[in-house]
Every structure is written in structure tokens, then in C-alpha cells.
Number of protein chains: 2
Amino acid sequence: MPDGAAKPGKMKDKYRQRQTEIFDAAAAVFAKKGYHGASTSDIAAELGVAQSSLYYYFKSKDEALEKVCLHSIKGYVERLQAIVANNLPADVKIRDAIHNHIEPVNYIPDYFLTFVGELRYLPNNRRQKLNNMIAEYNALFEQILADGVTDGFFIKGLDCHSTMLMLIAQCNTVPFWFGKFEHYSMDQLANMLADNFLLGALPRANKLNSILGEPP
Amino acid sequence: MPDGAAKPGKMKDKYRQRQTEIFDAAAAVFAKKGYHGASTSDIAAELGVAQSSLYYYFKSKDEALEKVCLHSIKGYVERLQAIVANNLPADVKIRDAIHNHIEPVNYIPDYFLTFVGELRYLPNNRRQKLNNMIAEYNALFEQILADGVTDGFFIKGLDCHSTMLMLIAQCNTVPFWFGKFEHYSMDQLANMLADNFLLGALPRANKLNSILGEPP
DNA sequence: AATATTTTCAATAGATCTATCGAAAAATAA
DNA sequence: TTATTTTTCGATAGATCTATTGAAAATATT
């Protein structure tokens with residue numbers, strides 16, 4: 001009877017704990033081989049159990065992917081809400097938001113990678129909750145930019161929507177290039193992204209030789 | 001006898017032309033469903049032919065992926081070499097490099113997406129040539145940044161290697177968020193990325209409230 | 001038109017993958 | 001210890017998917 005909810009307290013906890021180990025293994029294999037490249041046998045091998053044993057903890061590979069994705073963005077919205085609510089200058093808020101976004105790469109890298117790379121393979125009937133959370137998250141992120149423009153912290157005419165999408169996409173690439181140099185901490189990488197977004201690579205005195213892009 | 005090279009001129013051309021159609025279809029299916037999510041039947045369906053017919057034009061799915069990836073970066077190095085050789089200020093070079101990198105998203109989007117997302121699934125025995133080209137490309141890109149620092153166009157202490165990786169990763173995300181708003185042309189997006197990299201989002205007079213990241 | 005070559009196809013072997021089922025093993029409770 | 005419940009396992013059905021093969025269809029050549 002594979003139903004954690006039907007068990008009394010202690011059994012339920014044990015079941016949930018084991019289930020977490022199962023999903024950790026699934027996340028690791030999804031991150032490494034991709035959702036379609038990963039077989040349930042691969043996940044079982046990661047744990048050293050029989051392939052069929054997994055189905056005591058999830059009832060389909062789809063469901064495993066859904067759970068991994070859900071766990072990967074748990075807390076994201078709440079933490080960003082707190083950042084938005086803070087009474088701080090917009091550039092600080094954006095820096096905090098970038099840190100908030102990248103931080104999980106440190107302690108749940110496989111979940112992060114699976115979310116970024118494999119969410120697209122999650123069937124439609126399992127996407128709704130995730131889509132709602134993503135929409136809410138994006139709106140909060142954009143809000144920070146919009147407030148910053150209103151307050152005069154960011155340049156006038158900044159396209160907040162596109163910029164939000166671009167910034168989030170940039171954050172999502174971090175785990176891919178992070179692996180290539182260990183001498184940066186994740187925090188330093190987050191600051192590097194933030195500095196680049198806020199200041200750019202030109203010394204502040206220089207004039208541009210190339211033409212600035214105009215909003216359409 | 002599925003060997004384009006053994007055929008005389010006219011036949012050979014016809015064979016190559018059809019082969020291109022096959023790879024176009026493969027690229028489209030790889031881009032949409034991912035390498036492992038895409039079956040040879042999917043590719044055949046895209047073309048309206050039998051699954052087995054494909055094997056007249058490639059001898060394994062692996063090979064198809066390799067050919068798609070190779071085609072996707074054809075010309076990249078040469079174009080970047082030309083940009084590096086130009087006698088122009090570094091900021092213009094970087095802008096050109098970004099344009100060069102993003103431009104193929106316009107006319108071979110499926111090849112671009114396959115390269116960015118599915119190259120990791122290419123088996124090791126087919127990676128060498130691609131890895132060499134990528135290394136050469138990255139070195140050229142980094143060269144532009146290093147020259148810019150030497151010339152005083154970019155801020156002193158810029159970590160050219162990390163910045164190169166970050167910038168390229170940023171360019172590679174373009175096709176993913178581009179789809180979300182059609183009112184930008186690919187050129188405008190490239191300029192947006194370049195502006196952001198060069199100038200940042202803060203008005204040039206402002207001081208930062210947050211702390212600048214220090215190189216390690 | 002008759003022949004030769006190129007291209008496509010149907011059939012299929014062999015491998016792998018997901019999910020199910022009932023039994024065995026392990027853990028817990030009585 | 002014995003009985004009960006939870007967890008794991010082996011076996012397997014059924015559905016893929018890749019790649020091969022020899023024949024048919026289409027095209028080109030003589």
C-alpha cells in the first residue's frame with residue numbers, strides 16, 4: 001500500500017524520508033542524462049535497488065519529474081516576495097533577487113538543473129501549478145525593475161519585461177558555466193552577474209563607439 | 001549504395017540536397033523534442049517518408065546529431081576571426097561578436113537550438129572536431145575582451161575568461177526567450193544584450209548602493 | 001524500350017524501457 | 001515468538017525504438 005498519507009505519523013515520516021532519497025536520485029539522473037535519456041533503471045542503480053522498487057514511491061516517471069521540479073522552486077516566490085517588500089534601493093533589490101535565484105545551485109544543484117533543462121518535457125496535465133508559480137515569480141521580478149525605473153535608479157525606457165526574461169535566463173545558465181572554474185563561489189558569481197547588469201563593462205567615463213539599441 | 005562521395009557530380013549533388021532536407025528535419029525534431037525524446041520515426045514523419053528510408057542518408061542517430069551540430073557552427077569561427085582582425089574599438093568588436101553569435105537564430109533556429117541543448121548527448125567518439133572548434137571560438141571571443149582591457153576600453157581587472165563564458169551563455173539563451181515577444185528583431189535583441197553588457201542598467205551618474213564584487 | 005542505378009519501403013530482429021503483480025524479505029506490533 | 005504491516009524484489013506483459021535486409025518503386029542511362 002504505497003500511500004504515505006494513509007500511514008500514521010512515524011511510518012509516514014519514514015516513508016517520506018525514503019521518498020526524498022528516491023527523488024534526490026531521480027534529480028541526479030535527470031540532471032546528468034536528461035529526462036528522456038534517463039531510465040528508471042538508471043535511477044534504481046543510483047540507489048542500488050531494483051527498478052520496480054521505485055514504483056512504491058512514485059507512480060510514473062512523469063510524476064517523479066513533476067515532484068523534482070516542484071521541489072526545485074519551493075520557497076522561490078516567498079523569498080522574492082520578502083525582497084520586494086524590503087524598503088531598499090532598487091539596485092540592492094535586484095542584487096538580492098539574483099542571489100536568491102542562484103543560491104539553490106549550491107545546495108540542490110541537481111534539482112536546479114532538472115528544472116531549468118527538463119521542465120519542458122513535463123506533460124501538460126502536470127504543468128499548471130508550476131506555470132502559476134513561474135508567472136508569479138516573473139511578475140515579482142519585473143516589479144523590482146519597474147519600481148527601479150520609477151524611482152530613477154534604472155535608466156528611463158528600460159523594457160522591464162524583456163529585461164526580466166533576459167536576467168532570469170542569464171541566472172539559469174550559471175550552473176552550466178560555473179563548473180568550469182572553481183575559484184569563484186556562487187555568491188561571487190551572483191555578484192558578477194549583478195555588477196554586469198547594473199554597471200556594464202565600460203569604465204564610467206567612456207563614451208560608446210557603437211550605437212545604442214532603441215526600444216521599438 | 002548510400003555513399004554520396006562515390007557518385008558522379010550530378011547524382012552526388014542530388015544526394016547531398018536530399019541529405020540536407022533529412023538533416024533539416026532531424027534538427028527540427030531534435031530542437032522540439034530533445035535528442036533522446038526524438039525518435040527516428042518522428043524525423044521520418046516530419047518528412048513523410050518511411051523510418052527506414054532515413055538510413056540511406058545517415059547510418060545512425062548519433063551521426064545525425066553530429067552532422068546537425070557541425071552544420072550549426074559552420075562559419076562561426078571564420079566570422080569571428082574577421083571581427084577580431086578588424087581595426088575597430090573593442091566595444092564595437094564585442095557588439096559585432098554578439099551579433100555574429102545570435103544571427104543564426106534567425107535562419108537556422110533548429111540547428112542553433114539543437115547545438116545549444118543537445119550537444120551534451122553526443123557520444124565522446126564524435127565530439128573531438130566540435131570541441132576543437134568551440135575552444136578556438138572561445139579563445140577568439142576572449143581575445144576581444146583582453147584586447148579591450150589592454151586598450152582601456154573595458155574596466156581594469158575584468159576577468160576575461162569568466163566574462164567570455166558568461167556572455168556566450170547569455171547569447172545562447174536568446175532563442176528561448178526570444179519566442180516570447182515578436183516585437184523585437186533578432187538584431188535589436190543582440191543590441192540589447194550588447195548594451196547591457198557594455199553599459200549596464202544604471203544611469204551613468206548614479207552611485208551603487210550595493211557592494212561591487214571583487215575578483216578573487 | 002530495355003537496362004542499370006538510385007531511392008524508398010515493408011518486415012523484422014534484437015534491444016530497451018515503463019509499469020504491474022504477486023511473492024519474498026524486512027521491519028514493526030502484539 | 002507470532003502475527004501484521006511495510007518495503008523490496010523477480011518476472012514479465014506490452015510498448016517502444018534503432019538499425020538491417022532484401023525487394024519494390026522511381027529515376028536515369030543506353
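It should be emphasised that the depicted structure is a prediction, and the values quoted were computed from it without experimental measurement. Below, chain A is the first sequence line, B the second, and so on; all start at residue 1.
Counting only residues at least two apart or in different chains, salt bridge (Lys or Arg N to Asp or Glu O under 4.0 Å) contacts with residues 163-175 of chain B are absent. Sorted by first then second residue, the side chain to side chain donor-acceptor pair (under 3.5 Å) pairs that include residues 115-125 of chain B, not counting sequence neighbours, number zero. Sequence neighbours left out, the pairs with a member in residues 22-37 of chain A that pass salt bridge (Lys or Arg N to Asp or Glu O under 4.0 Å) are K33(A)-D42(A).
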Would you mind writing out the side-chain donor-acceptor pairs for residues 74-85 of chain A within the sub-3.5 Å range, not counting sequence neighbours?
residue	atom	partner	partner atom	Å
Y76(A)	OH	H101(A)	O	2.6
R79(A)	NE	N100(A)	OD1	2.4
R79(A)	NH2	N100(A)	O	3.4
R79(A)	NH2	N100(A)	OD1	3.1

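Using modelled atom types and a 3.5 Å distance limit, the side chains of N191(A) and Y184(A) yield no donor-acceptor pair. A donor atom on one side chain and an acceptor atom on the other are not found under 3.5 Å apart for S41(A) and Q51(A).
Rounded to an integer number of Å, the gap from K12(B) NZ to dA28(D) P is 18 Å. Spacing between atom CD of Q17(B) and atom C1' of dT6(C) amounts to 15 Å, rounded to whole angstrom units. Atom pair D13(B):CG and dA28(D):P shows a separation of 13 Å (rounding to whole Å applied). Rounded to an integer number of Å, the gap from CG of L54(A) to C1' of dT7(D) is 13 Å.
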Listing time: all N or O pairs from protein to nucleotides 24-27 of chain D that are below 3.5 Å?
none

Nucleic acid footprint by protein, nucleotides 8-20 of chain C - heavy-atom cut-off 4.0 Å, B for base, S for sugar-phosphate alone: BBBB-----SBBB
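In terms of heavy-atom proximity, T114(A) sits nearest to A31(A) at OG1-N, 3.6 Å.
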Candidate pair Y137(A) and N132(A), rule side chain to side chain donor-acceptor pair (under 3.5 Å), full reasoning: CA-CA 9 Å; Y137(A) 182 80; N132(A) 292 341; over 6 Å; no
